[in-house]
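Chain letters run A, B, ... following the sequence lines, proteins first, then strands; residues in each count from 1.
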Number of protein chains: 2
Amino acid sequence: MPSSAGPATEPAVDHRKGPRRRGEELERAILQATLDELAETGYAALTMERVAARARTGKAAVYRRWPSRAQLVLDACKLGKISDVDLPDTGELRGDTLALLRHMAITMASPLGGIMRGLLGEMTRDPELAELIRERVHTVRPSMVHVVLERAVERGEVEPWVLTSRRATVATDLLRNQFLLFGAPVPDEFIVDVVDDIYLPLVLNPAPGSGSGSGSGSG
Amino acid sequence: MPSSAGPATEPAVDHRKGPRRRGEELERAILQATLDELAETGYAALTMERVAARARTGKAAVYRRWPSRAQLVLDACKLGKISDVDLPDTGELRGDTLALLRHMAITMASPLGGIMRGLLGEMTRDPELAELIRERVHTVRPSMVHVVLERAVERGEVEPWVLTSRRATVATDLLRNQFLLFGAPVPDEFIVDVVDDIYLPLVLNPAPGSGSGSGSGSG
DNA sequence: ACGTTAAAGAACGGTCAGTTCTCTAAATGA
DNA sequence: TCATTTAGAGAACTGACCGTTCTTTAACGT
């Protein structure tokens with residue numbers, strides 16, 4: 001305790017902040033700061049330094065928990081996840097699919113779109129991270145496709161083998177491709193075209209002479 | 001190699017390099033250095049500093065010509081472009097399409113794949129650059145799709161309106177999506193599945209009852 | 001020969017990545 | 001209650017790279 005005239009090492013004001021956060025509380029604060037930074041500056045401009053500053057902590061506390069920017073962002077997104085979405089049952093496959101694609105298009109036009117794009121870019125750098133990203137993109141989204149298709153199967157609109165064929169995800173795949181290449185917003189005309197000219201013909205009509213390679217389902 | 005005890009300010013060896021490159025010669029050297037760096041370390045790890053060093057020049061000479069890393073890489077790729085490819089005419093659409101997709105898959109598994117991924121990630125940062133990237137990705141590649149489809153039209157395999165419909169690029173779009181999500185190498189099984197289960201049914205069969213919104217189904 | 005242009009290359013101020021200090025507040029346990 | 005352990009705050013630090021600017025000098029044009 002250098003109460004006397006410390007030459008230079010003395011920190012002037014020494015009463016640090018009041019309550020010091022720890023453990024889970026601090027963790028949530030960091031994740032929230034990450035979400036705020038993402039919304040404000042986007043994925044590309046996000047830095048660990050700014051996140052730490054925004055959470056009113058130090059970089060060390062951040063690095064103690066997450067090894068990289070991408071991992072941090074990935075966890076933050078999990079926190080801010082929109083629930084599984086309330087896709088209304090419109091009574092026919094066309095309406096359900098349009099609703100699903102439009103919902104995705106809106107998401108892509110939000111800051112989440114830039115995050116998705118940025119994370120895809122990082123897959124080259126870190127193969128381990130790539131696995132995590134794929135899980136989120138491939139597991140979360142197509143589950144909604146599955147729901148929509150299962151309804152259609154129950155209605156008799158669609159034959160069951162379509163569920164496990166590559167045709168099932170063509171609409172969402174094409175939408176994702178469009179977004180990655182041309183950015184947001186995705187014109188509604190594109191969505192309607194894909195559904196009417198490509199997707200519905202593929203899943204409503206039994207493959208003419210197709211070997212019904214359905215068995216090859218990706219699994 | 002400073003044999004004598006040079007004090008400090010003296011540059012020891014002062015006869016600068018022999019022939020000093022200028023203008024176009026230097027430009028090509030920089031682009032070549034960029035290609036070498038890309039092949040060696042990939043897009044993500046490429047820095048202007050390393051490119052300049054590899055080209056045995058200074059950063060200033062690089063920045064005098066290109067405003068950003070992405071622009072430089074884009075130009076370097078133009079240099080190293082594989083010619084328009086010799087897509088063999090296999091006599092039927094299926095063979096031509098398989099050849100085209102397999103060629104693309106090989107490209108994606110090369111360093112060029114990582115470059116493509118990295119550039120797509122930068123589209124968020126710089127909208128002006130995004131335009132350039134789109135031109136290359138969307139103009140160069142689908143031109144090959146067009147060639148393949150035109151042959152099929154001449155053979156009578158495909159109706160002309162397909163050329164301008166969204167169906168035309170479905171195969172390449174799905175391949176690109178697969179690569180961006182799951183990386184390389186793209187399994188050949190995927191390519192065959194896409195062609196047989198999705199692409200050929202779409203372009204070979206006149207849309208059954210489809211409004212054929214694209215072209216007024218002339219035939 | 002002379003002036004203009006531009007390359008070589010060092011240096012600079014700046015940002016950020018990660019790491020490693022010290023100091024101190026909170027939790028823990030006897 | 002007090003001593004010990006744990007971990008956050010925050011700064012310092014090394015190191016990479018960015019983009020700019022400076023000086024020196026080679027190449028080029030007239």
message: Check this one for me: any side-chain N or O of B/R64 less than 4.0 Å away from OP1 or OP2 of D/dT20?
response: no
message: What is the separation between atom CZ on B/R56 and atom C1' on C/dA6, rounded to the nearest whole Å?
response: 19 Å
- request: Quickly work out the B/E24 CD to C/dT5 C1' distance and round it to whole Å.
  value: 17 Å
query: Hey, is the side chain of B/R20 pairing donor to acceptor with the base of C/dA7 inside 3.5 Å?
result: yes
- request: Would you kindly check if the NZ (Lys) or CZ (Arg) of A/R94 is within the cone defined by 45 degrees around the ring axis of A/Y199 and under 6.0 Å from the six-membered ring centre?
  value: no
- prompt: When the distance from CH2 of B/W66 to C1' of D/dG19 is rounded to whole Å, what number comes out?
  reply: 16 Å
query: Is A/R69 touching bases, backbone alone, or none of the nucleic acid, heavy atoms closer than 4.0 Å?
result: nothing
field: Atom-pair distance (CZ on B/R50; P on D/dC18), nearest Å
entry: 11 Å
statement: Heavy-atom nearest nucleotide on DNA chain C taken for A/A60 and for B/T57; more 5' hit belongs to B/T57
- request: Measure from CZ on A/R21 to C1' on C/dA27 and round the result to the nearest Å.
  value: 17 Å
field: Nearest listed nucleotide, side chain of A/K59, among C/dG18, D/dG19, D/dG10
entry: C/dG18
message: Do A/Q32 and A/D36 pair up side chain to side chain, a donor and an acceptor below 3.5 Å, judged on atom types alone?
response: yes
- line: Rounded to whole Å, the CD-P distance (B/Q71 to D/dG19) equals 12 Å
- request: Could you state the atom-to-atom distance from CZ of A/R22 to C1' of D/dA7 in whole Å?
  value: 5 Å
Neighbour count >12 (heavy atoms, 6.0 Å) for atom CZ, A/R54: yes
- request: With A/L87 as reference, evaluate A/L100, A/T97, A/V147 under the side-chain contact (heavy atoms from CB on, under 4.5 Å) test and give the passing residue.
  value: A/L100
- prompt: If we ignore angles and hydrogens, is there a donor and acceptor under 3.5 Å between the side chains of A/Y43 and A/E37?
  reply: no
- prompt: In whole angstroms, how far is the P atom of C/dC12 from the CD atom of B/E49?
  reply: 15 Å
field: Phosphate-side-chain proximity, B/R65 and C/dA7, N/O vs OP1/OP2 below 4.0 Å
entry: yes
